[in-house]
Amino acid sequence: QVQLVESGGGLVQAGGSLRLSCASSGGTFSNYAMGWFRQAPGKEREFLAFISSSGRRTYYTDSVKGRFTISRDNAKNTVYLQMNSLKPEDTAVYYCAASYYTSYNLKEYQYWGQGTQVTVAS
């Protein structure tokens with residue numbers, strides 16, 4: 001059973017940066033593609049980015065392309081989301097998830113973290 005724990009959220013001013021981490025345990029991390037999602041109050045959970053198991057392939061939704069960077073360190077069983085040029089509309093709970101396949105469809109992710117709150121003040 002894969003367990004995922006996010007960290008690194010917090011309060012930041014608009015234009016600032018945060019780096020989220022997601023530590024994995026209980027499985028072979030390098031077997032999984034990893035994704036980042038977020039959910040704002042009253043909204044559906046939305047896909048942000050994924051990274052392949054090897055780290056060679058990444059993909060971003062348009063709203064974060066050029067501002068967010070997903071990366072992974074398979075030796076540390078950790079995936080990261082570097083978030084720059086943050087906007088108030090980026091305020092949400094951010095989740096990492098693991099899947100056997102690279103996908104932007106949250107239904108294809110088998111394991112989820114508990115989430116970390118990111119709040120961007122204007």
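Computed over heavy atoms, backbone and side chain alike; hydrogens, waters and symmetry mates excluded.
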Trainee: Starting from Trp36, can I reach Leu86 by hopping between I/L/V/M/F/W/Y residues whose side chains sit under 4.5 Å apart?
Mentor: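 Same cluster.
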
Trainee: Group every Ile, Leu, Val, Met, Phe, Trp and Tyr by side-chain heavy-atom contacts under 4.5 Å, then state whether Val64 and Tyr59 land in the same group.
Mentor: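 As far as the 4.5 Å side-chain criterion goes, Tyr59 and Val64 are not connected within one cluster.
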
Trainee: Spell out, as yes or no, whether a donor-acceptor pair under 3.5 Å connects the side chain of Tyr60 to the backbone of Ile70.
Mentor: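 Judged by distance alone, yes, a pair lies under 3.5 Å.
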
Trainee: Would you sort out whether Ile51 and Arg57 count as a side-chain contact (heavy atoms from CB on, under 4.5 Å), showing the intermediate values?
Mentor: CA-CA 6 Å; Ile51 187 167; Arg57 184 184 174 207; over 6 Å; no

Trainee: When rounded to the nearest 0.5 angstrom, what is the spacing between CG in Leu4 and CG in Asn77?
Mentor: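 Reported value, rounded in 0.5 Å steps: 10.5 Å.
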
Trainee: State plainly whether one hydrophobic cluster holds both Phe68 and Val12, where clusters connect Ile, Leu, Val, Met, Phe, Trp and Tyr through side-chain heavy atoms under 4.5 angstrom apart.
Mentor: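 Shared cluster, yes.
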
Trainee: In terms of hydrophobic clusters joined by side-chain contacts under 4.5 Å, are Tyr95 and Leu20 together?
Mentor: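 No: no chain of side-chain contacts under 4.5 Å links Tyr95 to Leu20.
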
Trainee: Between Ser122 and Ala14, which heavy-atom pair has the shortest distance, and what is it?
Mentor: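 Smallest interatomic distance, heavy atoms only, reads CA-CB, 4.3 Å.
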
Trainee: Within 45° of the six-membered ring axis of Phe29 and under 6.0 Å from that ring's centre, is NZ or CZ of Arg72 located there?
Mentor: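 Arg72 over Phe29 ring: yes.
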
Trainee: Do you know the tightest heavy-atom contact between Ala121 and Leu11?
Mentor: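 Looks like CB-CD1, 4.1 Å.
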
Trainee: Examine distances only and state if a side-chain atom of Thr116 and a backbone atom of Gly9 form a donor-acceptor pair shorter than 3.5 Å.
Mentor: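 Side chain of Thr116 to backbone of Gly9: a pair is present.
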
Trainee: Is the number of heavy atoms from other residues, nucleotides or ligands within 6.0 Å of NZ (Lys76) greater than 12?
Mentor: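 Check fails, neighbour count at 12 or below.
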
Trainee: Is the number of heavy atoms from other residues, nucleotides or ligands within 6.0 Å of OH (Tyr104) greater than 12?
Mentor: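 Counting other residues, nucleotides and ligands, OH of Tyr104 stays at 12 neighbours or fewer.
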
Trainee: In this structure, would Leu81 and Val118 fall into the same cluster of hydrophobic residues linked by side-chain contacts under 4.5 Å?
Mentor: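 The answer is yes; both residues are in one hydrophobic cluster.
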
Trainee: In terms of the angle between their ring planes, are Tyr109 and Phe37 parallel, tilted or perpendicular, with boundaries placed at 30° and 60°?
Mentor: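 Tyr109 and Phe37: perpendicular rings.
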
Trainee: Tell me which one of Tyr100, Tyr101, Phe50 satisfies ring pair (Phe, Tyr, Trp, His ring centres under 6.0 Å) with Tyr32.
Mentor: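 Answer to the ring pair (Phe, Tyr, Trp, His ring centres under 6.0 Å) test with Tyr32 among Tyr100, Tyr101, Phe50: Tyr100.
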
Trainee: Please list, chain by chain and in numerical order, all residues satisfying side chain to side chain contact (heavy atoms under 4.5 Å, CB included) with Ala23, sequence neighbours excluded.
Mentor: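 Ala23: side chain to side chain contact (heavy atoms under 4.5 Å, CB included) contacts with Thr78.
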
Trainee: What I'd like to find out is whether the side chain of Gln117 reaches to under 4.5 Å of the side chain of Thr91, using heavy atoms alone.
Mentor: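 Yes; the side chains approach each other to less than 4.5 Å.
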
Trainee: How long is the span from the NZ atom in Lys87 to the CZ atom in Arg67, to the nearest 0.5 Å?
Mentor: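 Output value for this atom pair is 4.5 Å.
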
Trainee: Side chains of Cys22 and Val5: closer than 4.5 Å at any heavy-atom pair?
Mentor: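 No - every pair of side-chain heavy atoms lies 4.5 Å or more apart.
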
Trainee: So which heavy atom on Glu6 is nearest to which on Cys96, and how close?
Mentor: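 Nearest heavy atoms, Glu6 then Cys96: OE2-N, 2.9 Å.
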
Trainee: Measure the shortest side-chain to side-chain distance between Ser99 and Gln110 over non-hydrogen atoms and say whether it is less than 4.5 angstrom.
Mentor: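 They are in side-chain contact.
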
Trainee: Going from OH on Tyr111 to CD on Gln3, what distance comes out if it is rounded to the nearest 0.5 angstrom?
Mentor: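 Tyr111 atom OH to Gln3 atom CD measures 10.5 Å (nearest 0.5 Å).
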
Trainee: Between Ser7 and Ser21, does the side-chain contact (heavy atoms from CB on, under 4.5 Å) criterion hold? Intermediate values first, please.
Mentor: CA-CA 5 Å; Ser7 61; Ser21 299; 3.7 Å; yes

Trainee: Would you compute the distance between atom CZ of Arg38 and atom OH of Tyr94 and round it to the nearest 0.5 angstrom?
Mentor: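 Answer for the CZ-OH pair, Arg38 versus Tyr94, is 4.0 Å.
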
Trainee: For the residue pair Ser85 and Ser17, what are the closest heavy atoms and their distance?
Mentor: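 Of all heavy-atom pairs spanning Ser85 and Ser17, the closest is N-OG, 4.3 Å.
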
Trainee: Distance check, rounded to the nearest 0.5 Å: Ser103 atom OG versus Glu108 atom CD?
Mentor: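 With rounding to 0.5 Å, OG (Ser103) is 3.5 Å from CD (Glu108).
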
Trainee: So, using salt bridge (charged side-chain N to carboxylate O under 4.0 Å, His left out) as the criterion, who are the partners of Arg45 when residues are at least two apart?
Mentor: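 If we apply the salt bridge (charged side-chain N to carboxylate O under 4.0 Å, His left out) test to Arg45, skipping adjacent residues, there are no hits.
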
Trainee: Spell out, as yes or no, whether a donor-acceptor pair under 3.5 Å connects the side chain of Thr28 to the backbone of Ser30.
Mentor: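 No, the answer is negative, given that no donor and acceptor are paired below the 3.5 Å cut-off.
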
Trainee: With rounding to the nearest 0.5 angstrom, report the CG to CZ distance, Leu106 to Phe47.
Mentor: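 Output value for this atom pair is 10.5 Å.
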
